[in-house]
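Here's the structure, in structure tokens; my notes come after.
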Number of protein chains: 2
Amino acid sequence: MNRNNITIPDVAKAAGVSKSTVSLALQDSPKLKTETKKKVMKAAKELGYVYNRTAANLRRRSSEMIGMVINDLTNPFFAELAVALERCFTDLGLVVMMANTSEDIKQQEKILRTFCEHGAAGILICPVFGTTQDDLAPHLAKGVPVVSVMRQIDGDEIDFIAPDTEAGTEAATQHLIDQGMTRLAFMGGLPETKVFQHRLRGFMAAIDRAGISHDHIEILPCIPNRTVANATIAQRISQGALPQGFVCYSDVVAFGVTFGLDRAGLKAGRDIAVTGFDDIEACTTLSPTLTSVHVFTDQLAKLAADSLMKRLKDSNRPISNQLVRTRLEIRESSRLIPPA
Amino acid sequence: MNRNNITIPDVAKAAGVSKSTVSLALQDSPKLKTETKKKVMKAAKELGYVYNRTAANLRRRSSEMIGMVINDLTNPFFAELAVALERCFTDLGLVVMMANTSEDIKQQEKILRTFCEHGAAGILICPVFGTTQDDLAPHLAKGVPVVSVMRQIDGDEIDFIAPDTEAGTEAATQHLIDQGMTRLAFMGGLPETKVFQHRLRGFMAAIDRAGISHDHIEILPCIPNRTVANATIAQRISQGALPQGFVCYSDVVAFGVTFGLDRAGLKAGRDIAVTGFDDIEACTTLSPTLTSVHVFTDQLAKLAADSLMKRLKDSNRPISNQLVRTRLEIRESSRLIPPA
DNA sequence: GTGAAAGCGCTAACAG
DNA sequence: CTGTTAGCGCTTTCAC
């Protein structure tokens, strides 16, 4: 750490005031004359004084640091979300520190412990799949508020904010059905996760409403990343006749699928329909542009930050589960019959 | 912060030992019998004790926390790099906290200050463009070691690790020249940055070696992201005859260009050649696959982590500037004449 | 307004 | 091996 060893007493000496005056000045306390404060700040700056928040937090028994733990920053959607969240907290005057778990529960536990040991005031988490409250508890300081985004933590005692995935997937599926498709597949995601189940439920809801036989539909789970999705679709292609449309678990899966189809000489948006979920930036700057369920990341982030703030202030408030509406963005990948 | 108020004395009481024994046990000191340690750990666990690293760091006047400040996590390359860096530090037993600056110098200053106030042992930075040593200095605790990745900080007194961008771009350019192209463009990046200058220099080196007239070449700078690159190429297309190949500043720019060309009915890899730089995951899972200069992110991360570790141990060691070699990955986007 | 004094939770001698 | 003691740098009553 090799800390700058100049401390409050040093500043006090330089400014010709007492320790506590400096402390007050540093906090911009109204108890001090502006003039005094200025004198102190000037001395501090000249000496290269660095506030030791560690000591302050210790003494004050509180902090303004919130720990953000993200499951996968290499997924553009989560990166976008993380950045949005960070900005929300920053705007609220909090300092946020971030860490990536790479979908690894051990790593997640370690990070949670570390954040707590460093005195995080609260935790914002996009949990690793399958995280339960019991996984979390032993690694959290008692009383540290946690809010979860995107993925719900089993136990129902943790505030949770997510897009309405079910409605979103349903809309995407309906869009394909509206074009007359009846042989459809749901592609990507891990069946044991709630997110998968919700998205699949949305898919099935549209299928059933349209009275499509379950014999016509296909479900192809896979780890939701580009590479695995690509491998999965490649294998599926080798097994014979394809459905008319793929409703994908996420954009990243949809990209993998689109590429796999491409390698087999099939064009999404011409030979076959593909939809994604998340609506990341790439959807509109790749060819074919990808039809996707837009997630209002900024809104999600704002609600999440608000929830954490509220819980920080009142740890007894009822647990809130908030679903943010989504919007289907229709683009080329799913429009087999382009508008005239 | 609402901290768990159980502390070392509480654990000591529960375990029937003294404060210092607990402290030693927590550090797994060899001075204690295994049995004693176990007893202590058990008591700690039962009480839900959370180590207060804040207090420990204060007392010990050191920390194992390194602050990682990243310019843009929404750029997949930097996200990949950040994750690789994080893993390196974690493997070294350090705890890393991350923050995103969104290419904003004010935000960067704030983050640096915050990390220092929290007692970071060292800082790993992918600095905002144009960052100078003078920008950094006032916000750093005296003596905190900093190492910079990807972008060099003016002043030459900060360890620096980056890919050999000049050689990489030169190889990409040469690859196009080898296919007989003589009308080429360098696309993307901000001219006032060193990275741009280096990449352009690599480009020009190949051009000049081939004896191509400067009248045949074009330089089209732009903010290096998908959307802006796309807008820039669209405008360029409207202005008339295009070069035979685009050597792009980065993959993200290349994707923007490819998409822009596509909208104009031109296919990269068929009508025109495009190369990128960074070789992010998407290069191999989009159609056409993108020829790119591969950056060995893991190696870069490892060298950067090592550099920071070394400086942590010896603040007087000479400044090191390390360039990591790159490798051109030739794919579809640049092969106008596919191998027979 | 300002200063003196106590203590946040921990570590690190040092003596037993 | 264990206990005692004195702080790390800061905030915060409480007198002045």
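Chain letters run A, B, ... following the sequence lines, proteins first and then strands; every chain starts at 1.
Separating the CG atom of B:N57 from the P atom of D:dG9 is a distance of 13 Å, rounded to the nearest angstrom. Distance, A:N52 CG to D:dT11 C1': 12 Å, rounded to whole Å. Atom NZ of A:K13 is separated from atom C1' of D:dG9 by 14 Å (rounded to the nearest Å). In this entry the distance linking CG of A:N5 with C1' of D:dC10 reads 16 Å, nearest Å. Per the geometry, CD belonging to B:E117 stands 13 Å off C1' belonging to D:dC10, to the nearest Å. Atom P of nucleotide C:dC8 and atom CZ of A:R53 are separated by 22 Å, given to the nearest angstrom.
Here A:R60 reaches the OP1 or OP2 of D:dT11: one of its side-chain N or O atoms lies under 4.0 Å away. Dashed line: the shortest gap from a side-chain N or O of A:T54 to OP1 or OP2 of D:dC10 is not under 4.0 Å. The shortest distance between the side-chain N/O atoms of A:T21 and the OP1/OP2 oxygens of C:dG3 is below 4.0 Å.
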Distances under 3.5 Å only, N/O to N/O: pair up the protein atoms with those of nucleotides 4-7 of chain D.
from	atom 1	to	atom 2	distance (Å)
D:dT4	O4	B:S20	OG	3.2
D:dG7	N2	B:R59	NE	3.3
D:dG7	N2	B:R59	NH1	3.0
D:dG7	N3	B:R59	NH1	3.1

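Taking a 4.0 Å limit (strictly below) on heavy-atom distances, residues 25-36 of chain A reaches DNA chain C at A:K31, A:L32, A:K33, A:T36.
A:S320 contributes no side-chain N or O that, together with a main-chain N or O of A:D159, makes up a donor-acceptor pair within less than 3.5 Å.
Listed here is the closest heavy atom pair of A:C88 and A:A305: CB-CB, 3.8 Å.
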Notebook entry, point to check: Hey, mind stepping through B:E46 and B:K42 against side-chain contact (heavy atoms from CB on, under 4.5 Å) and telling me if it holds?
Noted result: CA-CA 6 Å; B:E46 280 169 10; B:K42 184 157 162 284; 3.5 Å; yes

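Taking a 6.0 Å sphere around CD of B:E35, one finds it holds 12 or fewer heavy atoms contributed by other residues, nucleotides or ligands.
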